[in-house]
Enquirer: 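One structure follows; several queries about it will come next.
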Amino acid sequence: MIKSPILQSLVSSRDDITHNQEAVNTFRGKEQEILYLLKRCNDVDEFKQIHARFIKLSFLCSSSFSASSVLAKCAHSGWDNSMNYAASIFRGFDDPCTFDFNTMIRGYVNETCFEEALCVYSEMIERGIEPDHFTYPFLLKACTRLKSIREGKQIHGHVFKLGLDDDVFVQNSLISMYGRCGEMELSSAVFEKLEFKTAASWSSMVSARAAMGMWSECLMLFREMCREKDLKVEESGLVSALSACANTGALNLGRSIHGFLLRNISKLNIAVHTSLVDMYVKCGCLEKALHIFKKMESRNNLTYSAMISGLALHGEGEAALRMFSEMIQEGLESDHVVYVSVLNACSHSGLVKEGRQVFKEMLKEGKVEPTAEHYGCLVDLLGRAGLLEEALETIHSMPIEQNDVVWRSFLSSCRVHQNVELGQIAARELLKLASHNTGDYLLISNMYSQAGMWDDVARARTEIATKGLKQTPGFSIVEVKGKTHRFVSQDRSHPRCKEIYKMLNQMEWQLKFE
DNA sequence: TTAGGGTTAG
């Protein structure tokens with residue numbers, strides 16, 4: 001029983017056709033109509049049935065154009081297993097053209113099957129099909145995601161040989177590929193050679209630095225970009241810059257970008273809003289972040305995880321849990337990042353019961369596979385609350401590999417709660433996993449010194465010295481009234497150092513009292 | 001058919 005009107009129309013067209021020239025002519029006339037219907041079809045089963053009819057009819061006469069269109073429709077549909085089906089169509093082609101190879105590469109990249117995309121490209125080269133300027137942006141994206149710099153460089157060579165190195169899309173893809181693979185000099189070299197630097201070229205440079213966590217370089221480039229005349233600054237570059245502001249505490253610049261966005265873009269999209277929320281939250285303006293969040297027309301998981309982790313950062317664990325409930329009520333499904341944010345919020349607000357419950361529900365639902373991050377949060381939650389035995393049991397119950405972070409978190413809790421016996425277990429496991437980490441030896445040494453075990457302190461310190469390890473002091477940055485202040489651990493160089501440490505002592509005392 | 005964007009443990 002065929003319910004679909006589209007299929008009914010096709011069946012009647014097939015019934016009319018007989019194996020003669022008249023039928024062929026009829027089909028030729030129908031071909032465009034079939035392609036039109038195929039393009040409009042939104043359902044995988046419907047597509048498969050139409051495709052089956054298409055095959056039956058097309059042995060009479062089919063243009064490679066039609067076949068390529070069918071393949072493209074399938075490869076870019078986003079349906080479940082669409083690429084498997086697309087591959088079966090593709091394998092049926094005797095002489096796939098450049099467009100067909102591009103379709104397959106693009107399809108695989110969109111489905112995050114990057115290695116498959118590279119394999120299709122290899123086959124393309126082996127079969128002597130010449131790539132074009134559409135091939136490389138997709139392919140370079142695959143290299144970027146795989147961090148395959150070796151393949152990326154080889155492909156750059158092909159681009160050069162084929163004379164496609166003057167295509168602006170290919171150039172920008174190269175900038176992005178090199179930048180995100182950590183090859184900043186090569187990325188800049190491609191950028192500097194550009195005859196016309198477009199908004200996307202700048203954006204590729206800025207966002208690659210943001211993706212690598214090079215926040216100050218990112219902002220430097222962003223400022224340079226803003227000085228360019230006749231350049232229409234687009235949202236993507238601004239989003240990366242906002243991310244850099246968030247991570248460096250550059251509130252003033254973040255505010256300016258927000259102002260620029262409001263003045264120049266009529267309707268801000270969800271990504272821009274999310275980065276604004278994140279920027280305000282990380283720069284200390286929780287209320288402003290909440291205001292933007294509440295005014296948003298629609299929100300997704302990324303928006304919620306930014307807001308939930310923001311609330312956690314500000315010590316608002318219960319509000320973070322309420323936000324999580326709202327997200328579920330809004331019909332969104334929690335993903336692994338949101339769970340990390342929620343568990344983290346519980347951990348930092350001492351919400352042990354709630355955190356346990358969230359973790360239990362996550363396992364019960366089974367939609368999100370627990371990762372080391374989730375276990376890390378749970379161990380941290382239990383450890384901070386002094387439930388060291390339960391934290392240790394949690395580590396032992398992990399169905400995945402225990403990593404250094406989990407043991408470090410547990411060790412830290414053992415130190416805080418002065419349990420040297422369990423701390424020694426953690427220290428042993430940690431040193432097995434991550435050697436040459438100065439911070440770990442210091443953590444171990446501090447634990448022993450608190451317990452007055454001076455021989456063990458000396459052993460840990462000797463270990464640091466004999467291994468020649470050096471510790472980079474940690475720091476935090478805050479911007480107050482347009483001025484950036486950096487607080488480096490143990491730093492005494494500030495002119496008002498005495499007052500700062502007096503205030504810190506006072507705060508510590510008050511916290512202990514509370 | 002093509003480039004560039006947001007969230008996450010310790």
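Convention: sequence-line order gives letters A, B, ...; per-chain numbering from 1.
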Enquirer: Classify the side chain of Ser275(A) and the base of dG6(B) as holding, or not holding, a donor-acceptor pair under 3.5 Å.
Expert: no
Enquirer: Measuring centre to centre across the rings, with the benzene-like ring taken for any Trp, is His156(A) within less than 6.0 Å of Tyr178(A)?
Expert: yes
Enquirer: Nearest to the side chain of Lys282(A), which nucleotide is it out of dG4(B), dT8(B), dG10(B)?
Expert: dT8(B)
Enquirer: Is His417(A) reaching over with its side chain to a backbone N or O of Gly383(A), donor-acceptor style, under 3.5 angstrom?
Expert: yes
Enquirer: So, is Arg408(A) close to the dA9(B) phosphate, meaning a side-chain N or O under 4.0 Å from OP1 or OP2?
Expert: no
Enquirer: Quick check on the 6.0 Å ring-centre criterion: do Trp79(A) and Phe47(A) meet it?
Expert: yes
Enquirer: Could you tell me whether Asn300(A) contacts a base, only the sugar-phosphate backbone, or nothing, with contacts defined as non-hydrogen atoms closer than 4.0 Å?
Expert: base
Enquirer: What is the nucleic acid contact for Val272(A), judged by heavy atoms within less than 4.0 Å: base, sugar-phosphate only, or nothing?
Expert: base
Enquirer: Between dG10(B), dG4(B), dA3(B), spot the one nearest the side chain of Asp380(A), thanks.
Expert: dG10(B)
Enquirer: Give Ala372(A) one of three labels, base, sugar-phosphate or nothing, depending on what nucleic acid heavy atoms sit under 4.0 Å from its own.
Expert: base
Enquirer: Are Tyr375(A) and Phe359(A) near enough that their ring centres are under 6.0 Å apart?
Expert: yes
Enquirer: To the nearest Å, how far apart are Met225(A) CE and dG4(B) P?
Expert: 15 Å
Enquirer: Looking at Glu429(A) and Lys432(A), is there a salt bridge between them, counting it only when a charged N and a carboxylate O are closer than 4.0 Å?
Expert: yes
Enquirer: Within the 4.0 Å heavy-atom criterion, would you say Ile270(A) contacts the bases, only the backbone, or no part of the nucleic acid?
Expert: base
Enquirer: Starting the side chain at C-beta, find the nucleotide from dT1(B), dA9(B), dG4(B) nearest to Phe99(A).
Expert: dT1(B)
Enquirer: Take the protein atom NE2 of His374(A) and the nucleotide atom P of dG10(B), then report the distance between them rounded to whole Å.
Expert: 13 Å
Enquirer: Examine the base of dA3(B) for any acceptor or donor lying under 3.5 Å from a partner atom in the side chain of Asp167(A), and report the outcome as yes or no.
Expert: no
Enquirer: Measure from the ring center of Phe293(A) to the ring center of Tyr304(A) and say whether it is less than 6.0 Å.
Expert: yes
Enquirer: To the side chain of Val337(A), which of dG6(B), dT8(B), dG4(B) is closest?
Expert: dT8(B)
Enquirer: Arg209(A) has an atom CZ; how far is it from atom P of dG6(B), in whole Å?
Expert: 15 Å
Enquirer: Looking at dT7(B), dG10(B), dG4(B), which one has an atom nearest to any side-chain atom of Leu302(A)?
Expert: dT7(B)
Enquirer: Heavy atoms only, 4.0 Å cut-off, all strands: where does Asn102(A) land among base, sugar-phosphate and nothing?
Expert: base
Enquirer: Phe134(A) on top of dT1(B)'s base, within under 5.5 Å and under 30°?
Expert: yes
Enquirer: In whole angstroms, how far is the P atom of dA9(B) from the OH atom of Tyr375(A)?
Expert: 19 Å
Enquirer: Do the side chains of Arg356(A) and Glu390(A) get close enough for a salt bridge, i.e. N-O under 4.0 angstrom?
Expert: yes
Enquirer: Go through residues 235-257 of chain A and report each residue with a non-hydrogen atom lying under 4.0 Å from DNA chain B, sorted by number.
Expert: Glu235(A), Ser236(A), Val239(A), Ser240(A), Ser243(A)
